[in-house]
Peer 1: 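This is the structure I have questions about; it appears just below.
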Amino acid sequence: MKKFILIVVIMLVFQIDTNAQEVLELDPGQSMCISGKGKGQDGAINPFMETGSVAIVKNLGENQFSIRVEYEGKVKEKIRLDPSRITRVILPKSHVMYFDNKLKTKTEVSFRALQ
């Protein structure tokens, strides 16, 4: 019985983590609001938007793309992410993250609470 409860708890913890993870395909010349209340539809759900978060972004594609972080319409940070690379982006409360690309690519983004 103890093993069963432990397995259920582990499965729930794993499920919570994977719910905050998204794989996105970006079309050429696309600018996508990934997390926040910016123009366009959010590409991924950030469950920590109201408290601040860390976005872990992996470039799964063959082309480079840019990450842009804005606050109240002003660009706070720009990051270029090369193929097969991973970066962490700190998103304080109410900051908006965009992915900008010129060529087709694929990315994975997950969110963690800002601690």
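What you see is a predicted model, and the numbers here were worked out from it, not measured in a lab. Side-chain atoms are counted along with the backbone in the values below, which use heavy atoms only and exclude waters and symmetry mates.
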Peer 1: Considering residues at least two apart in sequence or located in another chain, which fulfil the side-chain hydrogen bond (donor to acceptor under 3.5 Å, both in side chains) criterion with Gln30?
Peer 2: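 Testing Gln30 for side-chain hydrogen bond (donor to acceptor under 3.5 Å, both in side chains), a comparison that skips the adjacent residues, returns none.
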
Peer 1: Heavy-atom distance under 4.5 Å between the side chains of Leu26 and Met32, does that happen here?
Peer 2: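 Sidechains of Met32 and Leu26: in contact.
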
Peer 1: Would you indicate whether the side-chain heavy atoms of Val75 and Val69 approach each other to under 4.5 Å?
Peer 2: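 Side chain of Val69 against side chain of Val75, heavy atoms only: no contact under 4.5 Å found.
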
Peer 1: For the ring pair Phe65 and Phe99, is the centre-to-centre distance below 6.0 Å?
Peer 2: yes

Peer 1: Taking the side chain as C-beta and beyond, is there a heavy-atom pair between Leu103 and Pro28 under 4.5 Å?
Peer 2: no

Peer 1: Any heavy-atom pair between the side chains of Val23 and Lys106 that's under 4.5 Å?
Peer 2: yes

Peer 1: Say you draw a straight line from OH of Tyr98 to SG of Cys33; how long is it, rounded to the nearest 0.5 Å?
Peer 2: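 Between Tyr98 OH and Cys33 SG, I get 4.5 Å after rounding to 0.5 Å.
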
Peer 1: Using every non-hydrogen atom in the two residues, find where Ile56 and Arg112 come nearest and quote the distance to one decimal.
Peer 2: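 Taking Ile56 first and Arg112 second, the nearest heavy atoms are CD1-CG, 3.5 Å.
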
Peer 1: Mind jotting down which residue pairs meet the side chain to side chain donor-acceptor pair (under 3.5 Å) criterion with at least one end in residues 72-93? Sequence neighbours excluded, please.
Peer 2: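 Listed by first then second residue: Gln64-Asp82.
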
Peer 1: For the atom pair CD (Glu108) and CG (Asn59), what is the distance rounded to the nearest 0.5 Å?
Peer 2: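 Going from the CD atom of Glu108 to the CG atom of Asn59 covers 11.0 Å.
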
Peer 1: Test of understanding: with side-chain hydrogen bond (donor to acceptor under 3.5 Å, both in side chains), list the residues that count as partners of Ser66, not counting sequence neighbours.
Peer 2: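 None.
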
Peer 1: Nearest 0.5 Å, what's the CE-CZ distance between Met97 and Arg68?
Peer 2: 11.5 Å

Peer 1: If I take atom CD1 from residue Ile67 and atom CD1 from residue Ile79, how far apart are they, to the nearest 0.5 angstrom?
Peer 2: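 It comes to 5.0 Å.
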
Peer 1: What distance separates Ser53 OG from Leu114 CG, expressed to the nearest 0.5 Å?
Peer 2: 7.0 Å

Peer 1: Distance from Thr107 atom OG1 to Glu22 atom CD, nearest 0.5 Å?
Peer 2: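 Taking OG1 in Thr107 and CD in Glu22, the distance rounds to 11.0 Å.
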
Peer 1: Determine the minimum heavy-atom distance between Pro83 and Gly61, stating which atoms define it.
Peer 2: CB-O, 3.4 Å

Peer 1: Considering only heavy atoms from C-beta outward, does the side chain of Ile86 approach that of Val57 to under 4.5 Å?
Peer 2: no

Peer 1: State, with a plain yes or no, whether a side-chain heavy atom of Phe111 is found less than 4.5 Å away from one of Leu91.
Peer 2: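 SC-SC contact between Phe111 and Leu91 confirmed.
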
Peer 1: Does atom CG of Leu60 have more than 12 heavy-atom neighbours from other groups under 6.0 Å away?
Peer 2: yes

